Amino acid sequence: MNSINGKDLLAIGYQQSKILGLALEVIGKYYQEAEYETVLALMKDLLEKPEAFLDHEILEDLATKMIEEAKEIDETIFLNNTAKEFAVYGSAHIAEGALTQMRTAMRLPVTVGGALMPDAHQGYGLPIGGVLATKNGVIPYGVGVDIGCRMALSIFDITEEDFFHTPDTYKRELIAHTRFGAGHGYHGKDRTEHAVLDRNEFNMTPFIKTLKDKAWSQLGTSGGGNHFVEWGIIEFAADDQPLNIPKGKYLALLSHSGSRGMGATIAGYYTRLAKELCKLPKEAANLAYLDMNTQAGQEYWLAMNLAGDYASACHDVIHNKLAKAIGGKLLAKVENHHNFAWKESWNGEEVIVHRKGATPAGKGVMGIIPGSMTAPGFLVRGKGEEMAINSASHGAGRQMSRTSAIQHITQQEMQAILQANGVTLIGAGLDEAPMAYKDINVVMEAQKDLVDIVAKFSPKVVRMADDGSTED
DNA sequence: ATGTAC
């Protein structure tokens with residue numbers, strides 16, 4: 001009667017895995033009466049050459065599982081044991097979850113650098129507010145679901161006085177020319193034409209082709225969540241030469257939205273493909289990447305860029321409609337995306353820089369960092385800080401989860417803060433209340449080495465998606 | 001963030 005146990009199997013080379021348990025089970029069931037040495041030799045043969053046991057009446061099943069497991073292990077891409085160093089800005093206000101996620105990202109074999117912005121919080125795969133530079137690999141979840149999500153700012157030659165003279169006109173036009181809510185689009189003659197719809201990439205693959213019609217329908221819409229379109233007053237404390245805008249206050253239109261259903265579908269499709277092609281250990285599974293030298297990597301890159309240009313077109317449509325409606329002369333327009341991947345030079349090498357909720361802030365690059373529906377947003381100019389991989393935050397960042405905000409903030413508090421700041425709000429739930437966000441001034445202070453403030457934008461008429469915006 | 005369904 002043999003007495004083979006787990007230790008014996010480990011000693012002849014078995015690994016601590018489900019195979020070990022199955023092997024012991026088989027031994028107990030079929031080889032209870034056999035000689036210890038004979039069984040051990042048999043198990044050793046099986047381990048060395050499972051393919052020779054595929055017709056074995058007892059060990060067939062175990063042999064099959066061993067071959068499967070070997071293949072899984074063979075395909076697994078291992079993380080480096082130590083995480084590369086990364087700069088953290090405003091660490092006092094960043095939760096541990098975001099740091100943990102960033103450390104995992106810094107262990108990927110393709111990672112060359114990273115940084116965490118002061119509005120960082122836990123996300124899916126790479127944290128929101130995370131910047132990751134890789135070599136030849138693009139991570140769909142390093143870009144995020146809302147590919148190409150961006151800010152767009154139009155500054156008009158309309159004075160603060162002009163605006164306050166007829167605020168209701170601006171409110172009416174904002175309602176007339178924007179559309180919010182998940183799934184919502186324009187239909188029939190309400191659809192807008194745009195050159196982005198004629199892009200060749202829409203014919204690239206059968207999959208991409210299926211996205212075109214909905215993309216057309218949703219062109220010029222804003223979606224839900226933290227997206228908004230708002231009128232506000234922008235104040236330049238000094239003349240700005242590059243923008244050619246004299247010191248003073250102007251009416252401005254600020255919008256925040258992305259690539260709608262199209263980008264979300266692309267993100268889902270290529271994340272799934274990346275996970276099939278790039279098997280990472282469980283803690284890094286959502287950081288699956290596509291090799292830029294493969295068909296899949298190239299396809300994602302083109303689809304991501306198409307989604308980015310589509311997001312830009314959405315802002316274009318909104319700004320064009322509203323500019324026409326109010327009849328003001330455009331003094332300047334600034335736009336930046338903050339969920340995207342770029343080919344950039346960093347630390348002397350060509351890398352893929354993923355910014356997932358981070359504003360590009362290369363030297364002289366203009367960007368917009370919003371505060372909240374009542375707190376100011378800032379027009380900024382990047383300082384090109386290498387440690388931050390030429391990036392800055394994409395907003396104030398949440399300090400309360402959506403659920404917590406809905407539970408703890410009252411309608412009265414919301415009304416009071418809107419009134420105190422002279423803000424008219426259309427739509428939005430308590431989850432977007434100003435108190436749910438960090439203090440933007442603290443966030444700006446934490447990134448003063450990353451960007452210079454060019455102008456301050458104060459929201460006045462804000463539109464967001466209604467609570468429960470999935471209804472028609 | 002999206003808008004459908006491991």
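The sequence lines fix the lettering, A, B, ..., with proteins before strands; numbering per chain opens at 1. Everything quoted here is computed from the prediction, not taken from an experiment.
- For the OP1/OP2 pair of B/dT2 and a distance below 4.0 Å, the side-chain nitrogens and oxygens of A/Arg260 include at least one atom meeting the criterion.
- In this entry the distance linking CZ of A/Arg272 with P of B/dT2 reads 22 Å, nearest Å.
- Contacts of A/Ala264 classified as side-chain contact (heavy atoms from CB on, under 4.5 Å), with partners at least two apart in sequence or in another chain: A/Val145.
- Remark: A/Arg150 is not in phosphate contact with B/dA1, judged by side-chain N or O atoms under 4.0 Å from OP1 or OP2.
- Remark: C1' of B/dA1 and NE2 of A/His338 are 11 Å apart, rounded to the nearest angstrom.
- Distance, A/Met464 CE to B/dA1 C1': 12 Å, rounded to whole Å.
- One atom, CG of A/Asp213, and another, P of B/dG3, lie 14 Å apart when rounded to the nearest Å.
- For B/dG3, one of the phosphate oxygens OP1 or OP2 lies less than 4.0 angstrom from a side-chain nitrogen or oxygen of A/Lys214.
- Phosphate contact (OP1/OP2 of B/dT2, side-chain N/O of A/His227, threshold under 4.0 Å): present.
- Contact check, A/Gln218 against B/dG3: a side-chain N or O comes under 4.0 Å of OP1 or OP2.
- For A/Phe340 and B/dA1, the CZ to P distance is 18 Å, given to the nearest whole Å.
- Side-chain atoms of A/Arg150 come within 3.5 Å of backbone N or O of A/Gly148 as a donor-acceptor pair.
- Taking atom OH of residue A/Tyr141 and atom C1' of nucleotide B/dA1, one finds them 10 Å apart after rounding to whole Å.
- Screening A/Asn286, A/Thr76, A/Leu108, A/Thr104 for a side-chain contact (heavy atoms from CB on, under 4.5 Å) with A/Leu280, the sole residue that qualifies is A/Leu108.
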If you look only at distance, which donor and acceptor atoms sit under 3.5 Å apart when one is on a side chain in residues 351-360 of chain A and the other is two or more places apart or in another chain?
{"from": "A/His354", "atom 1": "ND1", "to": "A/Leu132", "atom 2": "O", "distance (Å)": "3.0"}
{"from": "A/His354", "atom 1": "NE2", "to": "A/Ile139", "atom 2": "N", "distance (Å)": "2.9"}
{"from": "A/Arg355", "atom 1": "NE", "to": "A/Ser391", "atom 2": "OG", "distance (Å)": "2.7"}
{"from": "A/Arg355", "atom 1": "NH1", "to": "A/Glu344", "atom 2": "OE2", "distance (Å)": "2.9"}
{"from": "A/Arg355", "atom 1": "NH2", "to": "A/Glu344", "atom 2": "OE1", "distance (Å)": "3.0"}
{"from": "A/Arg355", "atom 1": "NH2", "to": "A/Glu344", "atom 2": "OE2", "distance (Å)": "3.4"}
{"from": "A/Arg355", "atom 1": "NH2", "to": "A/Ile389", "atom 2": "O", "distance (Å)": "3.1"}
{"from": "A/Arg355", "atom 1": "NH2", "to": "A/Asn390", "atom 2": "O", "distance (Å)": "3.2"}
{"from": "A/Lys356", "atom 1": "NZ", "to": "A/Tyr124", "atom 2": "O", "distance (Å)": "2.6"}
{"from": "A/Lys356", "atom 1": "NZ", "to": "A/Leu126", "atom 2": "O", "distance (Å)": "2.8"}
{"from": "A/Lys356", "atom 1": "NZ", "to": "A/Tyr141", "atom 2": "O", "distance (Å)": "3.0"}
{"from": "A/Thr359", "atom 1": "OG1", "to": "A/Ser393", "atom 2": "O", "distance (Å)": "2.7"}

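- When the P atom of B/dA1 is taken as reference, atom NE2 of A/His256 falls 7 Å away, rounded to whole Å.
- If you measure from atom OH of A/Tyr310 to atom P of B/dA1, you get 17 Å, rounded to the nearest angstrom.
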